[in-house]
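The model shown is predicted, which means the values in this text are computed figures rather than measured ones. Note that the numbering runs from 1 along the sequence shown for the chain. As a basis for the values below, the full set of heavy atoms in this structure was taken, side chains included, without hydrogen atoms, waters or symmetry mates.
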Amino acid sequence: MSERTLQYFTFSSSSYFDDRGQSGIAQPITERVNVSYYLFSYYFPKGVGEQHYGEHHPMKPHRLTLTNALVFGYGLDKQIHHIYNPRAATQEELEVYHDHDYIDFLSRVTPQNQGEMKNMIDAFNCVEDCPIFADMYDFCRMYAGGSLAAARKLCAGTTDIAVNWSGGLHHAKKAEASGFCYVNDIVLAILEMLRQFPRVLYIDIDIHHGDGVEHAFYHSNRVMTVSFHKYTGDFFPGTGKLDDNGIGLGKHFCLNVPLQDGIDDDMYLTLFKTVIDDAVTAFRPSAIVLQCGADSLGCDRLGAFNLSIAAHGECVNFVRKYNVPLLVLGGGGYTIKNVSRCWTYETAVLVGAAVPDELPATIYDPFFRDSQWKLHPPITGKVDNLNTAASLQRISISIRNKLRYLQGAPSIQMQEIPPDLAGWLDSEERSKEEKDEERGTGRAGERREDRSNARNDFYEAREILEEEEEGTTPVTPTGSRARGKSRARGGRGRSRSGKVTDKDREKETPVPDDDASISIDLEDGPSTPQMERDQEMQQSIEMDDS
């Protein structure tokens, strides 16, 4: 066989790659990150993009595989400090929020036995929008596990920004599937974050109202929910009126921004920045969760807005600049080539890297052929804009007036634990990962991907997983700082490697103040043989003196 014939059969010359002609190809970033002002963690559960809702269903998890391909194709993995393949969430973790009967049903139902479980399928709303498909429960555990691992890392103070594009499924209720969502990973992540952070701000830029998250925290003043969405009364899910503000302690901590079809970049960004700035000023969040549903982009299969990828990314950039621990999640998005472009661009925004408009070469080139392989295709102006400057101003003024009722951010005693977690924490048997977490490492059972792999190795499922050393904190690049390390439980007074040095022990060990401290210990502390001997000696000295 000739050399020319051999070359024909190589993978790089196969039909997966298009001849772009004059369009150009982005060259991947090759320099690894050296200095950064914050630590960035990226979560991608292995196999999550291989799941399938059904042939004609608009939700396509394959968009996650496309996103990962572009992120690695641009070389953005070189700018990410830690890339994790998180462990799947356990049933017990899912039941921190969801009902046991509902989770038990999800774990047992399959396409083969769904006929026998029809009554339960109807009761839990797993019909039409939420079909039963193969490995459905595993899929839920994977994306929920990514969000929980990211939340734990933020709580431990070992990362500043955590991204899980497979998460963000905001419609799921406590005992019911809804809107393509079975398990509400956002609620689970926020509950985890409330163990460490006094106040969490939730921001939702999906075109659909974040009803599941709002419902979970409708009575709470520790979580403020802000949702920007289309609202006409009959657009799914039909909730999210401007007047829905929360109940009880949660009154005025629920903010809704109802919009009409066709809103453009300028209107959206102006309103978004005004509302979020007012909310942050009034609520003063300790951490932020940002749901980046990409169905608010123009030309979405189920959407009706006119947002560009650049404007969507500017919302992410604006939130990032508040410099508080940030969890970024995916969500809706049903024109998958635009979803993958959007989340790739937002990954670049979060790591502070500039990427060219030309897309990198991947085996998914045919998906982007119609737009000449561009990161920012023209997707705006396709729908008439029914919003007016006056209507948006009324929304902005109304929200500002609601925030005046807060009278300052609520003060929370940090020993408080969310009620849904209390019983679970009392009864659970600590695993190795949780013990690591308590020591401040925040490992949470996830495994870190070895970034020395070739950038397309993940397609061949040849990831090399590096088991991290027990009881140590991640080594940060030279010059970087891990904000909030003092928040890590048990992490105070430790050296950079996480081990206690002699110098650290000297700092941590209190020096007795002569006899005063001894007398306090003898009077108030528990009695020991040594204390009794000391007391006898003190009495004998007093007798000799007399």
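Counting heavy atoms from C-beta on, the side chains of Ile203 and Phe272 come closer than 4.5 Å. Residues Tyr268 and Leu259 are in side-chain contact: their nearest non-hydrogen atoms beyond the backbone lie under 4.5 Å apart.
Using a cutoff of 4.0 Å between basic side-chain nitrogens and carboxylate oxygens, Arg63 and Glu50 are not scored as salt-bridged. The pair Glu346-Arg341 does not meet the salt-bridge criterion, since no charged nitrogen lies less than 4.0 angstrom from a carboxylate oxygen. Using a cut-off of 4.0 Å between Lys/Arg side-chain N and Asp/Glu carboxylate O, Asp365 and Arg369 are scored as not salt-bridged.
Between Tyr345 and Tyr74, the distance separating the two ring centers is not shorter than 6.0 angstrom. You'll find the ring centres of Tyr42 and His81 outside the 6.0 Å limit. Note: His57 and Phe180 meet the aromatic proximity criterion, with ring centroids under 6.0 Å apart. Aromatic pair Tyr143/Phe139: centroids less than 6.0 angstrom apart.
Counting only N and O atoms by type, the side chains of Asn306 and Thr380 include no donor and acceptor under 3.5 Å apart. Of the N and O atoms on the side chains of Asn256 and His209, at least one donor lies less than 3.5 Å from an acceptor on the other residue. Looking only at atom types and distance, the side chain of Asp206 has no donor-acceptor partner in the side chain of His229 under 3.5 Å away.
A cation-pi geometry, defined here as NZ or CZ lying under 6.0 Å from the six-membered ring centre and within 45° of its normal, does not hold between Lys230 and Phe305.
His171 places no side-chain N or O within donor-acceptor distance of the main-chain N or O of Cys181, the cut-off being under 3.5 Å.
Of the residues listed (Asp300, Asn338, Leu307, Leu302), the one engaging Asp295 in a side chain to side chain contact (heavy atoms under 4.5 Å, CB included) is Asp300, and it is the only one.
Heavy-atom neighbours of His62 NE2 from other residues, nucleotides or ligands within 6.0 Å: above the threshold of 12.
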